[in-house]
Amino acid sequence: MTSDPGSPAIASSGAEPVPEEPATRRPPRSWPRRWARRAGLAALAVILVVTLASFGYNALTAHRATPPEGMSYTRAGDVLTRYRTWGSTGSPVVLVHGAFESADTWSRLAPLLARDHRVYALDLTGYGYSDRRGPYTTGHLAGQLLGFLDAMHLGGPRDRPVLVAHSSGAAAAAEATLRAPDRVGGLMFLDGDALATGAGARSPVRYLLIPPYRVSMLRLALRSDWIIRSVYSRQCGPACPRLDRAGLDQWRRPFQVPGAEAGLWDLVAAGVPGVDPARLAGLRAVAAPKAVVFGASDDVFAKDAPAETAARIGAPAPTLIPGAHHLTMISDPAAVAAAVEALAARAR
């Protein structure tokens, strides 16, 4: 049979034509995934920019400050220790500063005490202009303090000093007294309880402060007059004099000298120095008279801390300075001097 030339050709196999399958399409990405991806990319970009900026700022501010001229140093234990003295007659008084302070912190109180006493103040390691030498433990700080007494020829039967210790410095003074009770003529806790948790235990924030960001944050804070004045004002209270340029430099420069930044991070990692409560209670058996003095408006410690501290160490009822905050030796030097004089009179 002959096919019609006008009709379409028929496949010889006789099978039906197979239609083409449509191209496979990827399902559309949901909007939460799209936004999460964009947010992740934006976060990475921000981190990259901040990191580069931090490295650049750190490089531009790498120059370190020099310590002031004319300072006095002595070897105290294993620490080359900077110190100051006031007065030349009378019984000795040794001033032990707290965290972020130095021997200069006592510059309003010490001249008042120097009328009747030989007054000494040292920079504990990690602060001021003494060598930064760890470990920054209570035991090491107490060893430096006892070494300082040796260097100043203090602690003999007729020349035992009254130790006046501020804030976290109370732990170093307490441990030194427990180790060598016969070398101490009297012990005062000033705005401090000598416990590790009194002024704040270790903070988890230190795990977030990693290089290079922590270096940038520290340098930015130290270069800000407003930040330094704000912290000082909050801790010192309304009775304190406003910081002038010299005052700002007194608080700022110790953290800008070579080695200060590394020492500070080691201090933060070590936490607030303190003495175990059971060991601290051993001060009750120490014959030297003791005293506890606090600012009545000190918000670093709980309201009942002064009374509890006095009871723990075997001191009389605490002296509370009305209206004073945490830096009583700056805000109310006359009131603190009177309390030190009363303690020194009991120590004779």
**Student:** For the CZ atom of Phe294 and the OG1 atom of Thr319, what is their distance to the nearest 0.5 Å?
**Tutor:**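 Reported to 0.5 Å precision, the distance equals 11.5 Å.
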**Student:** So do the side chains of Val162 and Val94 get within less than 4.5 Å of each other, counting heavy atoms only?
**Tutor:**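 Counting from C-beta outward, Val162 and Val94 never come under 4.5 Å.
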**Student:** Is Leu141 linked to Trp106 within one hydrophobic cluster, defined over Ile, Leu, Val, Met, Phe, Trp and Tyr using a side-chain heavy-atom separation of less than 4.5 Å?
**Tutor:**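 No; Trp106 is not reachable from Leu141 via cluster members.
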**Student:** Which heavy atom of Thr74 sits nearest a heavy atom of Ala151, and at what distance?
**Tutor:** OG1-CB, 3.3 Å
**Student:** Between Asp244 (side chain) and Gly247 (backbone), is there a donor-acceptor pair under 3.5 Å?
**Tutor:**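 Here the side-chain-to-backbone pair exists.
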**Student:** Please check if the side chain of Ser168 supplies one atom and the backbone of Ala99 the other of a donor-acceptor pair under 3.5 Å.
**Tutor:**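 Indeed, once roles are kept as given, a pair shorter than 3.5 Å links the two residues.
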**Student:** Out of Arg118, His153, Arg183, which one pairs with Asp159 under the side-chain hydrogen bond (donor to acceptor under 3.5 Å, both in side chains) rule?
**Tutor:**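 When Arg118, His153, Arg183 are each tested with Asp159, the side-chain hydrogen bond (donor to acceptor under 3.5 Å, both in side chains) holds only for Arg118.
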**Student:** Check this for me, if you would: do Asp298 and Lys303 make a salt bridge, where the nitrogen-to-carboxylate-oxygen distance has to be below 4.0 angstrom?
**Tutor:**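 No, Asp298 and Lys303 are not salt-bridged.
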**Student:** Taking only residues two or more places apart in sequence or in another chain, which ones pass ring pair (Phe, Tyr, Trp, His ring centres under 6.0 Å) with His325?
**Tutor:** none
**Student:** I need the Tyr127 OH to Glu101 CD distance, nearest 0.5 Å.
**Tutor:** 9.0 Å
**Student:** Please tell me whether Asp78 and His140 have a donor and an acceptor in their side chains that are separated by less than 3.5 angstrom.
**Tutor:** yes
**Student:** Are Leu243 and Gln250 side-chain neighbours, meaning at least one heavy-atom pair lies under 4.5 Å?
**Tutor:**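 Of all side-chain heavy-atom pairs linking Gln250 with Leu243, none is under 4.5 Å.
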**Student:** Without swapping roles, check the side chain of Arg108 against the backbone of Asp332 for a donor-acceptor pair under 3.5 Å.
**Tutor:** no
**Student:** Under 3.5 Å, side chain of Thr105 to main-chain N/O of Ala103, donor-acceptor pair present?
**Tutor:** no
**Student:** Hey, are Asp191 and Thr328 close enough side-chain-wise for a donor-acceptor pair under 3.5 Å?
**Tutor:**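 Result is yes, a qualifying pair exists.
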**Student:** Would you check if Leu195 and Pro277 make a side-chain contact, meaning some heavy-atom pair closer than 4.5 Å?
**Tutor:**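 Result yes, sub-4.5 Å side-chain heavy-atom pair found.
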**Student:** Less than 6.0 angstrom from the centroid, inside 45 degrees of the normal: does Arg38 satisfy that with respect to the ring of Trp35?
**Tutor:**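 Verdict for Trp35: a cation-pi partner in Arg38.
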**Student:** Strictly distance-based, threshold 3.5 Å: is any side-chain N or O of Ser167 a donor or acceptor partner for the main-chain N or O of Gly169?
**Tutor:**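 No; zero donor-acceptor contacts below 3.5 Å.
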**Student:** Taking the side chain from Gln144 and the backbone from Thr125, do they hold a donor-acceptor pair closer than 3.5 Å?
**Tutor:**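 Such a contact is found between Gln144 side chain and Thr125 backbone.
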**Student:** So how far is it from Phe301 CZ to Asp193 CG, rounded to the nearest 0.5 Å?
**Tutor:**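 Between Phe301 CZ and Asp193 CG, I get 4.5 Å after rounding to 0.5 Å.
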**Student:** Treat each ILVMFWY residue as a node, draw an edge where side-chain heavy atoms are under 4.5 Å apart, and state whether Phe189 and Leu178 are in one component.
**Tutor:** yes
**Student:** Check whether any side-chain heavy atom of Val119 sits under 4.5 Å from a side-chain heavy atom of Thr85, and report yes or no.
**Tutor:** no
**Student:** Check Ala171 against Thr138 and note the closest heavy-atom contact, atom names and distance.
**Tutor:** O-CG2, 3.6 Å
**Student:** When you check the gap from the basic side-chain N to the acidic O, do Glu175 and Arg279 get nearer than 4.0 Å?
**Tutor:** yes
**Student:** Hey, what's the ring geometry for His326 with His166, parallel, tilted or perpendicular (30° and 60° as the breaks)?
**Tutor:**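 Taking His166 first and then His326, their aromatic rings sit tilted (interplane angle of 30° to 60°).
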**Student:** Can you list every pair that meets disulfide bond (SG atoms under 2.5 Å apart) and has a residue in residues 283-348, with sequence neighbours left out?
**Tutor:**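 Sorted pair list comes back empty.
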**Student:** Kindly compute the distance separating SG (Cys240) from CD1 (Ile330), expressed to the nearest 0.5 Å.
**Tutor:**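 It is 5.5 Å, given to the nearest 0.5 Å.
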**Student:** Hey, does the side chain of His117 reach the backbone of Ser91 with a donor-acceptor pair shorter than 3.5 angstrom?
**Tutor:** yes
**Student:** Can you name the closest pair of heavy atoms from Leu145 and Ala172 and give their distance?
**Tutor:** CD2-O, 4.1 Å
**Student:** Are Leu283 and Val275 close enough that some pair of their side-chain heavy atoms sits under 4.5 Å apart?
**Tutor:** no
**Student:** Is it true that Asp225 and Arg245 have a side-chain N and a carboxylate O under 4.0 angstrom from each other?
**Tutor:** yes
**Student:** Decide, yes or no, whether a salt bridge links Arg133 with Asp266 under the criterion of side-chain N to carboxylate O below 4.0 Å.
**Tutor:**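 Judged by the 4.0 Å cut-off on N to carboxylate O distance, Arg133 and Asp266 do not form a salt bridge.
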**Student:** So do Arg84 and Ser72 actually touch side chain to side chain, heavy atoms under 4.5 Å?
**Tutor:** no
**Student:** Walk me through whether Phe100 and Leu264 qualify under side-chain contact (heavy atoms from CB on, under 4.5 Å).
**Tutor:** CA-CA 9 Å; Phe100 303 103; Leu264 180 60; 3.7 Å; yes
**Student:** Is there a donor-acceptor pair closer than 3.5 Å between any side-chain N or O of Arg160 and the backbone N or O of Leu154?
**Tutor:**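 Absent.
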**Student:** Any side-chain heavy-atom pair from Val215 and Leu218 closer than 4.5 angstrom?
**Tutor:**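 No, too far: nothing below the 4.5 Å cut-off.
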**Student:** Would you confirm whether Ser224, through its side chain, and Leu220, through its main-chain N or O, come within 3.5 Å as a donor-acceptor pair?
**Tutor:** no
**Student:** How about His63 and Gln256: does a side-chain donor come under 3.5 Å of a side-chain acceptor?
**Tutor:** no
**Student:** Could you grab the distance from atom CG of Leu109 to atom CH2 of Trp86, nearest 0.5 Å is fine?
**Tutor:**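 Answer for the CG-CH2 pair, Leu109 versus Trp86, is 9.0 Å.
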**Student:** Do Ile228 and Leu327 land in one hydrophobic cluster if side-chain heavy atoms of ILVMFWY residues count as linked below 4.5 Å?
**Tutor:** yes
**Student:** Hey, any chance Val184 and Leu122 share a hydrophobic cluster, counting ILVMFWY side chains that come within less than 4.5 Å of each other, even indirectly?
**Tutor:** yes
**Student:** Of all the heavy-atom pairs spanning Pro254 and Arg132, show the shortest one and how long it is.
**Tutor:** O-NH2, 2.9 Å
**Student:** Could Asp150 and Arg75 be called an ion pair, given the rule that one side-chain N must be under 4.0 Å from one carboxylate O?
**Tutor:** no
**Student:** For the residue pair Ala174 and Ala194, what are the closest heavy atoms and their distance?
**Tutor:**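 Nearest heavy atoms, Ala174 then Ala194: CB-CB, 4.2 Å.
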**Student:** Is it the case that one hydrophobic cluster holds both Val292 and Val286, taking links as side-chain heavy atoms less than 4.5 Å apart, direct or via other members?
**Tutor:** yes
**Student:** With side chains defined as the heavy atoms from C-beta onward, is the minimum distance between Arg64 and Glu261 less than 4.5 Å?
**Tutor:**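 Heavy-atom side-chain distance check passes, below 4.5 Å.
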**Student:** Find the distance between OG (Ser230) and CD (Gln235) and round it off to the nearest 0.5 Å.
**Tutor:**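 So the gap between those two atoms works out to 11.5 Å.
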**Student:** Okay, side chain of Asp123, backbone of Tyr129: is any donor-acceptor separation there less than 3.5 Å?
**Tutor:**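 Present.
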**Student:** So, using ring pair (Phe, Tyr, Trp, His ring centres under 6.0 Å) as the criterion, who are the partners of Tyr83 when residues are at least two apart?
**Tutor:**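 If we apply the ring pair (Phe, Tyr, Trp, His ring centres under 6.0 Å) test to Tyr83, skipping adjacent residues, the hits are Phe148.
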**Student:** Heavy atoms only: give me the nearest Pro161-Gly155 pair and the separation to one decimal.
**Tutor:** CD-N, 3.9 Å
